[in-house]
Amino acid sequence: MLQVENLEVCYGQSAVLRDVSMSVAKGAVTCLLGRNGVGKTTLIKTIMGLLKARRGNIFWNEREINRLLPEERARMGIGYVPQGREIFPFLTVEENLLLGLEVLKHSKERKNNKSIPDFIYELFPVLRQMLSRKGGSLSGGQQQQLAIARALVGNPSLLLLDEPREGVQPSIVLEIEQAIRIVKQQKETGIVLVEQSVEFAMEVADSYFVLEKGEMIESGTTEDMNLATLQEYIAI
Ligand SMILES: Nc1ncnc2c1ncn2[C@@H]1O[C@H](COP(=O)(O)OP(=O)(O)OP(=O)(O)O)[C@@H](O)[C@H]1O
């Protein structure tokens with residue numbers, strides 16, 4: 001479904017990604033592993049169209065999308081939950097969720113779909129209780145749940161999740177992990193999951209990629225995963 005080929009991405013003159021390739025199958029969970037600062041967020045932002053590659057190509061369902069804007073990529077079915085969540089703090093939880101429907105505005109789906117699907121509240125029951133609260137008044141973990149929910153409201157074919165467990169209290173981490181499992185079971189939305197936990201990657205992912213200093217150094221299916229080797233790759 002998604003194919004990244006020989007990507008080079010620079011900040012100013014310094015190349016942060018070099019010759020990076022990655023492929024993501026429809027409906028699969030693909031884990032992107034790597035230490036801090038190796039370029040994982042840069043890769044996700046480039047896939048989303050928020051950064052421009054100097055070289056290389058990105059294909060979505062075999063169509064080259066290098067020059068498409070982030071909103072065009074979103075309308076094609078790529079959902080994005082940035083690191084640090086970026087919900088709208090002064091809007092209510094409900095308003096934040098309704099914004100997720102915006103990506104469907106040109107699609108037929110929108111005509112039948114003007115409210116938040118129940119599925120969202122089944123994944124994150126806490127959000128139903130907090131619909132009228134301002135997003136900014138939620139805890140960090142609840143904001144992460146809101147950010148994931150908002151992206152899922154747009155019914156993406158692929159969800160880019162950048163370190164969704166980072167800075168989140170352990171009880172909510174468990175809820176987020178469970179939500180990822182449920183989304184995977186439903187097989188409608190594939191996930192690219194940026195992760196630091198090899199254990200969780202091994203449990204949930206179908207395949208994995210490891211970035212090191214801007215280069216893709218290892219990839220494979222989860223059955224090929226060697227926990228000890230991968231832990232070494234991401235150990236600080
Ligand atoms: N806007 C920017 N301008 C210049 N350099 C940047 C910018 N954003 C990131 N970098 C650098 O690019 C490199 C890759 O950063 P990136 O955030 O993609 O890594 P990461 O693997 O996602 O790390 P983390 O796990 O800490 O989020 C780092 O050395 C970082 O300092």
Side-chain angles (χ1 to χ4, degrees), residues 2-24 29-58 65-66 68-71 73-74 78-87 140-141 143-148 150-151 156 158-170 172-173 176-177 180 190-205 207-220 225 227 229-236:
L2 175 75
Q3 190 82 28
V4 170
E5 285 180 3
N6 312 109
L7 229 49
E8 181 176 309
V9 181
C10 304
Y11 292 115
Q13 288 309 305
S14 69
V16 171
L17 296 180
R18 286 177 302 277
D19 204 21
V20 164
S21 298
M22 178 170 144
S23 61
V24 173
V29 177
T30 306
C31 243
L32 180 58
L33 297 158
R35 292 191 185 99
N36 288 332
V38 294
K40 303 180 298 297
T41 297
T42 302
L43 176 55
I44 296 295
K45 283 185 172 172
T46 310
I47 293 170
M48 200 58 216
L50 295 162
L51 291 173
K52 244 183 120 195
R54 182 181 281 183
R55 288 201 190 86
N57 290 307
I58 303 173
I65 59 164
N66 296 355
L68 293 192
L69 298 169
E71 53 267 34
R73 300 184 199 206
I78 308 180
Y80 173 49
V81 181
Q83 194 175 21
R85 34 254 183 203
E86 295 177 20
I87 56 129
Q143 290 186 29
Q144 184 63 272
Q145 291 175 310
L146 176 57
I148 297 170
R150 186 181 59 190
L158 181 67
L159 185 61
L160 307 174
L161 267 181
D162 195 350
E163 296 204 40
R165 304 153 16 116
E166 196 193 29
V168 171
Q169 68 190 72
I172 296 188
V173 165
I176 290 173
E177 289 181 356
I180 291 170
I191 301 175
V192 173
L193 179 63
V194 177
E195 254 300 328
Q196 296 275 353
S197 160
V198 178
E199 286 88 350
F200 184 58
M202 278 192 93
E203 183 215 307
V204 80
S207 63
Y208 70 93
F209 289 82
V210 183
L211 261 180
E212 191 168 278
K213 294 187 195 145
E215 289 176 31
M216 210 59 102
I217 54 159
E218 169 91 49
S219 66
M225 257 188 179
L227 181 64
T229 315
L230 288 177
Q231 266 167 342
E232 253 171 60
Y233 284 140
I234 71 160
I236 296 157

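All ligand and atom numbering here is 1-based and tracks the order in the structure.
Heavy-atom contacts of Arg35 reach the following atoms of ligand 1: 21 (O) (cutoff under 4.0 Å). Proximity to Gln196 (heavy-atom distance under 4.0 Å) selects the following atoms of ligand 1: 25 (O). Taking every non-hydrogen atom of Val38 and a distance limit under 4.0 Å, the qualifying atoms of ligand 1 come out as 19 (O), 20 (P), 21 (O). Close approach of ligand 1 to Gln83 (heavy-atom distance below 4.0 Å) involves ligand atoms 27 (O). If you number the atoms of ligand 1 from 1 as listed, the ones under 4.0 Å from a heavy atom of Thr42 come out as 14 (C), 15 (O), 16 (P), 18 (O). Taking every non-hydrogen atom of Val16 and a distance limit under 4.0 Å, the qualifying atoms of ligand 1 come out as 12 (O), 13 (C), 14 (C).
In this structure, atom 13 (C) of ligand 1 has protein heavy atoms in its sub-4.0 angstrom surroundings. By the definition of a contact as any protein heavy atom under 4.0 Å away, atom 21 (O) of ligand 1 is in contact.
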How far apart are the C-alpha atoms of Glu195 and Arg165, what are their side-chain angles, what is the distance that settles it, and do they pass the salt bridge (Lys or Arg N to Asp or Glu O under 4.0 Å) test?
CA-CA 8 Å; Glu195 254 300 328; Arg165 304 153 16 116; 3.2 Å; yes
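Taking CZ of Phe209 as the start and CG of Leu33 as the end, the distance is 11.0 Å to the nearest 0.5 Å. Between the OG1 atom in Thr30 and the CG atom in Leu158 there is a gap of 7.5 Å [rounded to 0.5 Å].
A side-chain donor from one of Asn36 and Gln196 sits under 3.5 Å from a side-chain acceptor of the other. Checked by atom type, the side-chain pair Glu199/Gln231 shows a donor-acceptor distance below 3.5 Å.
At least one heavy atom of Glu163 sits less than 4.0 Å from an atom of ligand 1. Residue Gly34 places every heavy atom at 4.0 Å or more from ligand 1.
With hydrogens and angles ignored, the 3.5 Å screen pairs a side-chain donor or acceptor of Arg18 with a backbone N or O of Lys213.
Protein heavy atom nearest atom 28 (C) of ligand 1, with residue, atom name and distance: Gly37 O, 3.5 Å. Here the heavy atom of the protein found nearest to atom 17 (O) of ligand 1 is Thr41 CB, 3.6 Å. Protein heavy atom in closest approach to atom 10 (N) of ligand 1: Tyr11 CE1, 3.3 Å. Of all protein heavy atoms, the one lying nearest to atom 19 (O) of ligand 1 is Gly39 N, 3.1 Å.
A 4.5 Å side-chain heavy-atom check between Leu161 and Ile180 finds at least one atom pair inside the cut-off. A heavy-atom distance below 4.5 Å is not found between the side chains of Val9 and Val16.
What you find for Arg150 and Glu86 is that their closest heavy atoms are NH2-O, 3.2 Å.
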